[in-house]
Amino acid sequence: MTLRTATFAAEITARGAAERVIDVRAVPWGVISETPDGRESFARGAFDIDEPERVTLEAIGPHGAEPGVRLVGRATQLADRDDGLYATFAVSRTREGDELLELARDRVYRGASVVFTPIADRAAEGGVTIRERAELVRVGIVERAAYAGAEVLAVRSEDANPMTDESAAPAAAESATDLGVRVAVDTPDASSAIDELRRDLLGRMASLEAVGNRARGPHIMARWAGFGDYLKDAAGDPESAVLLARALVDQKAATNPGVMAPSFVSDVKGIIDASRPAIEATGGPGALGASGMTLNWPYFAGDLGALVGKQSAEKTEITSVVVNLLAGNAPIETFAGGSDISYQLIRRSAPSYLEAYGRIMLAGWALTTEKEYETDLNAGATGTLTGSIATDADTRETFFAGSAKVRSATGAPASAVLVASDVFAALGAVLTPASYGTSNITGTAQASTLQINVSGLAVIEAPYLPNGTAIFTNDRAAQWHEDGPFVATAEDVAKLGQNRAYWSMGATGIFIPAGLVKATAVVLPLSGGGESRSKRSS
């Protein structure tokens, strides 16, 4: 098959006068080069690396100078790495070999040219030929080339391990700071980041040296043979460190606002999911019915004890009574709130304004309807009780009596007791956490869940009840009824906005006022009561 040639730009690092081993990244993967036959690039794994001795090293001078192949060495190792094909060559002790080493150390040679025989190709977009399999014949070190990617990595002594010698790369602990990025090298296979840094710095060094030679002799940076030596000195030499800082200019986020997009978390903070404790404690919201703006319900208010009597004698008249079912009612009220929201805010907000707005409005709706229900229960309760939670005995007596009164009025004991915030806090301060056992105690309180249970009754904080108030009840006595919440929207095209409202209708149904047993002016524990209660309950 026909031999073909591909040439790539390179940067050369020499390390000492007696060194006769050269490392070359001969072929970069994926880099497109323009050849007389067209555009081509090499796929990773295109070359067989098992027989490196078949590959020779060639010194190629400037165009037109001493034409012909000048072989100066042979490969001792080939390596297929992420970014290209790497080769290590032993340079022969010939005039051409000595010349190649000198020109490499002087950074005159800046390119690598590979001679290969194509085996398997494929066509890619843009008329590019991808070399998937090829036989590598020679690698030439050239003065210059047109395409980036191939490079002579180092020139080292021939007795060193070509691919593992520490002179080829800084040790694991060595690092360089460039553009705010810290690059550490812990294997001979340098990362692409350190390769980029090496190429940039060597270019700077070569340019600075050329200027220095013309103006006032060798530049101060010419004292280092290569990048690794420079980094080693910079690690312990203050002057070298200063030079490194001067060569690598700082780039900071503060000076690049055009690429620093503002960061937002998607969850809007501060939106409290308001609960409706009293509504949930009495059976949750019930339906309002199909029509009308008044909630109606039938109820019996007669004396059950007068409905049935004992017959005085056989064939005598039995008790004759009138049983009336009365109608109870409550007005259905509307609860609503809304805004006129611009299209710009709707379309351009991130996180979504509408989503956050909806959560906020629903939290406000829950708070308002809960407050309405608690206020109605407090005003409509007719059952009364004198209560105290000053001692264990007082607490048990109050809770038992309240539940018994609810049963007398509704036929079922209390299922919950709604208490004002100050009563809730007082109970929580003196009752025993459930995790410490429940034997011989009046009740339990758990701060981690804010759950209180006294004598089997759930104690629910109702924050809108007046201080010192507790209401014993169940869902037979009262219930909140509602329809909603709903979202109403209308386009305000004239103003490029959207009217958006959240609303519902609701009513408090107090079916048996006596089943709302209210204890007012509840006597709270004295200071230190928790300690004496703990001793008594043990």
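Heads up: numbering here begins at 1 and tracks the sequence.
More than 12 heavy-atom neighbours from other residues, nucleotides or ligands sit within 6.0 angstrom of CZ on Arg133. With a 6.0 Å radius and a threshold of 12 heavy atoms from other residues, nucleotides or ligands, Ile272 has its CD1 atom at or below the threshold. Atom CD of Glu355 sits in a sparse spot, with 12 or fewer heavy atoms from other residues, nucleotides or ligands closer than 6.0 Å.
Within the 3.5 Å criterion, the main-chain N or O of Ser339 finds a donor-acceptor partner in the side chain of Tyr357. With hydrogens and angles ignored, the 3.5 Å screen pairs a side-chain donor or acceptor of Thr382 with a backbone N or O of Ala514. One N or O on the side chain of Asn296 and one on the backbone of Thr294 form a donor-acceptor pair closer than 3.5 Å. Distance alone, capped at 3.5 Å, places no donor-acceptor pair between the Ser388 side chain and the Asp394 backbone. Remark: the backbone N or O of Ala414 is paired with a side-chain donor or acceptor of Ser403 at under 3.5 angstrom. In this structure, Lys518 contributes its side chain and Thr469 its backbone to no donor-acceptor pair below 3.5 Å. A distance-only check finds no donor-acceptor pair linking the side chain of Asn453 to the backbone of Thr444 [under 3.5 Å]. Between the side chain of Ser455 and the backbone N or O of Arg396 there is no donor-acceptor pair closer than 3.5 Å. Side-chain atoms of Arg81 do not come within 3.5 Å of backbone N or O of Tyr86 as any donor-acceptor pair.
Between Arg276 and the options Glu482, Glu370, Glu372, Glu374, a salt bridge (Lys or Arg N to Asp or Glu O under 4.0 Å) holds for only Glu482. If you run side chain to side chain contact (heavy atoms under 4.5 Å, CB included) between Ile471 and each of Thr520, Leu465, Val517, Val417, only Leu465 comes through.
Heavy-atom minimum distance, Ile389 versus Phe399: CG2-CE1, 4.3 Å. Heavy atoms only, all atoms of each residue included: Ala420 and Pro466 are closest at CB-O, 3.1 Å. When all heavy atoms are compared, the tightest approach of Ala281 to Ser415 is O-OG, 4.1 Å. Between Val268 and Arg359, the shortest heavy-atom contact is O-NH1, 4.2 Å.
By the 30° and 60° cut-offs, the orientation of the rings of Trp480 relative to Phe335 is tilted.
Atoms OG1 and CD1, from Thr508 and Ile332 in turn, are 11.5 Å apart once rounded to the nearest 0.5 Å. Of the inter-residue distances, the one linking Asp422 atom CG with Leu427 atom CG reads 10.0 Å to the nearest 0.5 angstrom. From Ile130, atom CD1 reaches atom CG of Asp121 across 9.0 Å, with rounding to the nearest 0.5 Å. Here the straight-line distance linking atom CZ of Arg500 with atom CD of Glu491 works out to 9.5 Å at 0.5 Å rounding. Atoms CG and OG1, on Leu516 and Thr473 in that order, are 4.0 Å from each other to the nearest 0.5 Å. The CD1 atom of Ile346 sits 4.5 Å away from atom CG of Leu354, with the distance rounded to the nearest 0.5 Å.
Side-chain atoms of Asn474 and Thr410 form a donor-acceptor pair, as typed in the model, at a separation below 3.5 Å. With hydrogens and angles left out, the side-chain atoms of Gln479 and Thr282 include no donor and acceptor closer than 3.5 Å.
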Exercise for the section: Given side chain to side chain contact (heavy atoms under 4.5 Å, CB included), test Met293 with Met505 step by step and report yes or no. Expected result: CA-CA 9 Å; Met293 289 301 295; Met505 295 177 288; 4.0 Å; yes

Handout entry: Criterion side chain to side chain contact (heavy atoms under 4.5 Å, CB included) on Leu496 and Ser342, from CA distance to verdict
Key = CA-CA 6 Å; Leu496 289 180; Ser342 74; over 6 Å; no

Practice task
Please test Phe400 against Leu457 for side chain to side chain contact (heavy atoms under 4.5 Å, CB included), starting from the C-alpha separation and ending with a verdict.
Solution key: CA-CA 9 Å; Phe400 198 87; Leu457 269 180; over 6 Å; no

Exercise for the section: Test Thr395 against Val454 for side chain to side chain contact (heavy atoms under 4.5 Å, CB included), laying out the working first. Expected result: CA-CA 8 Å; Thr395 302; Val454 175; 3.7 Å; yes

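Ring centroid separation for the pair Tyr464 and Tyr373 does not come in under the 6.0 Å cut-off.
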